[in-house]
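Let me begin by presenting the structure, written as C-alpha cells, before commenting on it.
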Amino acid sequence: MRQRLITFRDGQQVCPLGQGTYQMGRRRTEEIQALRRGIDLGLTLIDTAEMYGTEDLVGEAVRDCRDKAYIVSKVLPGNASYEGTKRACERSLRQLGTEHIDLYLLHWIGHYPFSETVRALVELQHEGKILSWGMSNLDISDMEHILSLPHGKDCTANQVLYNLKDRGMEYDLLPWSETCNIPVMAYTPLGEGRLRNHKALAEVARRHNATPTQIMLSWVMRNPNVIAIPKAGSIAHVEENARSLDISLTEEDLMEIDKAFPAPTRKIPLAGW
Ligand code: NAP
C-alpha cells in the first residue's frame with residue numbers, strides 16, 4: 001500500500017506523509033533519531049523554518065542521508081524583502097549544512113509585496129540554492145496573485161492548517177489547488193495532538209485495528225493532493241504514524257467522521273498564522 005506518491009510540478013515525488021519539526025529541540029537526540037527513523041521508513045519530507053530554530057537539528061538528522069531527504073524550509077514574512085529573502089536563505093543553508101533547500105516557502109503573508117519575494121525566490125532557484133519554492137498560509141485570492149506574477153506559475157506547494165477540526169480549505173482552496181496542480185501540505189494534522197481522544201475516532205480506529213492518531217493522518221491524506229506533516233518526537237510515534245499509510249478509510253468511516261467533524265458548507269477564511 002505504500003506506493004502512493006505526491007508529484008510536484010517539477011517532477012519531484014514525495015511520500016504523502018512527511019515530518020514536522022516545530023518545537024523540536026528539547027529532546028534533541030531522541031528527535032534526531034526519530035527523524036532518521038522516519039526517513040528510513042520513507043517519510044523523507046522534513047519541514048522546518050528559520051522561525052523554528054530547528055534547521056541545525058534537521059541538518060544533523062540528514063547529515064548521512066542528505067540525498068534521501070526532501071527539506072522544506074521557510075522565510076519569515078518580516079525578512080521577505082528581495083534582499084532579505086536571499087539573506088534568509090543563505091542563513092538557512094548554513095544552519096542546515098546543505099547546498100540546497102528542496103522547497104523554500106514564504107511562511108505567511110507579510111508587508112513586503114509578493115513580487116519582491118517571488119523575484120528573490122526565482123533567482124535563488126536559478127542559482128541552485130533552492131530547487132523549488134512555494135507559499136504557506138495563503139488563501140485563494142493571494143495564491144491567484146502569486147500565479148499572476150512573472151514565473152508565479154512555478155509555485156510548487158501551499159502549506160496550510162488542516163485537520164479534523166480545521167476543514168475550511170476543503171470548501172474552496174483544496175479543489176482550487178487540485179485544478180492548479182499545486183499540492184497542499186497539511187500542517188498541524190493532529191491538532192497538536194489534542195484530537196486523538198475524540199470518541200468518534202475510537203470506533204473507526206477499532207475497525208482498522210489502528211490508533212486514533214493513525215486514523216487522523218489517514219483521513220488527512222485521503223485526498224491525493226495532500227501531504228500530512230505531523231511532528232513526532234520519538235521513534236515510537238514515528239513508527240505509529242508511518243503505519244497510517246497502510247490504512248484506507250471506507251465510505252462508512254468517512255461518514256462517521258463527517259458526523260463528528262462536519263465538512264464546511266460555506267467559505268471559511270483560512271485559519272492559521
Ligand atoms: P501536530 O503535528 O498536529 O501535533 C504534534 C503533536 O502530536 C506533538 O505533541 C506530538 O508529540 C504528537 N504526536 C505525534 N505523533 C503522535 C502519536 N503517534 N501519538 C501521540 N501523539 C503524537 O502539530 P504541529 O507540530 O503544530 O504541526 C506539524 C508540523 O507542521 C510542525 O511541526 C511544523 O513543521 C508545521 N507547521 C507549519 C506551520 C506554518 O505556518 N506553515 C504552522 C504550524 C506547524 P511528540 O512530540 O511527543 O511525538
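Just so you know, ligand 1 is whichever comes first in the structure, and atom 1 is the first atom listed for that ligand.
- Polar contact check, S234 against ligand 1: no nitrogen or oxygen pair lies under 3.5 Å apart.
- Under 4.0 angstrom from ligand 1, there are no non-hydrogen atoms of A34.
- A donor-acceptor pair under 3.5 Å is absent between the side-chain atoms of T98 and the main chain of L93, judged by distance alone.
- Comparing E31, H237, E239 by heavy-atom distance to atom 21 (N) of ligand 1, the nearest is H237.
- Within the 4.0 Å heavy-atom criterion, the part of E240 lying near ligand 1 is the side chain and not the backbone.
- Among all heavy-atom pairs drawn from R37 and V238, the shortest one is C-CG1, 4.3 Å.
- Near G233, meaning under 4.0 Å from one of its heavy atoms, ligand 1 places the atoms 45 (P), 46 (O), 48 (O).
- Only the side chain of N241 comes within 4.0 Å of ligand 1, counting heavy atoms alone; its backbone N, CA, C and O stay farther away.
- The atoms of ligand 1 that sit less than 4.0 Å from any heavy atom of T213 are 17 (C), 18 (N), 19 (N).
- Of the residues listed (R167, K267, R266), the one engaging D172 in a salt bridge (charged side-chain N to carboxylate O under 4.0 Å, His left out) is K267, and it is the only one.
- Only side-chain heavy atoms of N137 come within less than 4.0 Å of ligand 1; its backbone N, CA, C and O stay farther off.
- Residue contacts with ligand 1 include Y52, since one or more of its heavy atoms lies under 4.0 Å from the ligand.
- Considering backbone and side-chain atoms alike, K74 places every N or O at 3.5 Å or more from each N or O of ligand 1.
- Under a cut-off of 6.0 angstrom, the local environment of CD in E251 is sparse, with at most 12 non-hydrogen atoms contributed by other residues, nucleotides or ligands.
- When each atom of ligand 1 is checked for a heavy atom of I229 under 4.0 Å away, the hits are 28 (C), 29 (C), 30 (O), 35 (C).
- Both the backbone and the side chain of T188 come within 4.0 Å of ligand 1, counting heavy atoms alone.
- A perpendicular orientation is assigned to the rings of H145 and F114, their planes being inclined by more than 60° (bins at 30° and 60°).
- Under 3.5 Å, the side chains of N241 and S244 contain no donor-acceptor pair of N or O atoms.
- Note on ligand 1: R27 sits in its first shell, one or more heavy atoms being nearer than 4.0 Å.
- In the vicinity of H107, heavy-atom distances shorter than 4.0 Å reach the ligand 1 atoms 39 (C), 40 (O), 41 (N).
- Between Y162 and W219, a ring centre-to-centre spacing shorter than 6.0 Å is recorded.
- The main-chain N or O of D102 is found under 3.5 Å from a side-chain atom of S132 such that the two form a donor-acceptor pair.
- Between the side chains of K129 and Y104, no donor-acceptor pair of N or O atoms lies under 3.5 Å.
- Counting only heavy atoms from C-beta outward, the side chains of N158 and L173 approach each other to under 4.5 Å.
- Judged by the shortest distance from any of its heavy atoms, Q23 lies outside the 4.0 Å radius around the atoms of ligand 1.
- Residue contact check: T21 has heavy atoms under 4.0 Å from atoms 32 (O), 34 (O) of ligand 1.
- With ligand atoms numbered from 1 in the order given, ligand 1 contributes 33 (C), 34 (O), 35 (C) to contacts under 4.0 Å with heavy atoms of D47.
- Using the six-membered ring where Trp is involved, Y52 and Y22 have ring planes that are tilted, between 30° and 60° apart.
- Between A232 and ligand 1, not a single N/O pair is under 3.5 Å apart.
- Contact between L217 and A228 at its shortest, heavy atoms only, is CD2-CB, 4.3 Å.
- Ligand 1 has no N or O atom lying under 3.5 Å from any N or O atom of P230, backbone or side chain.
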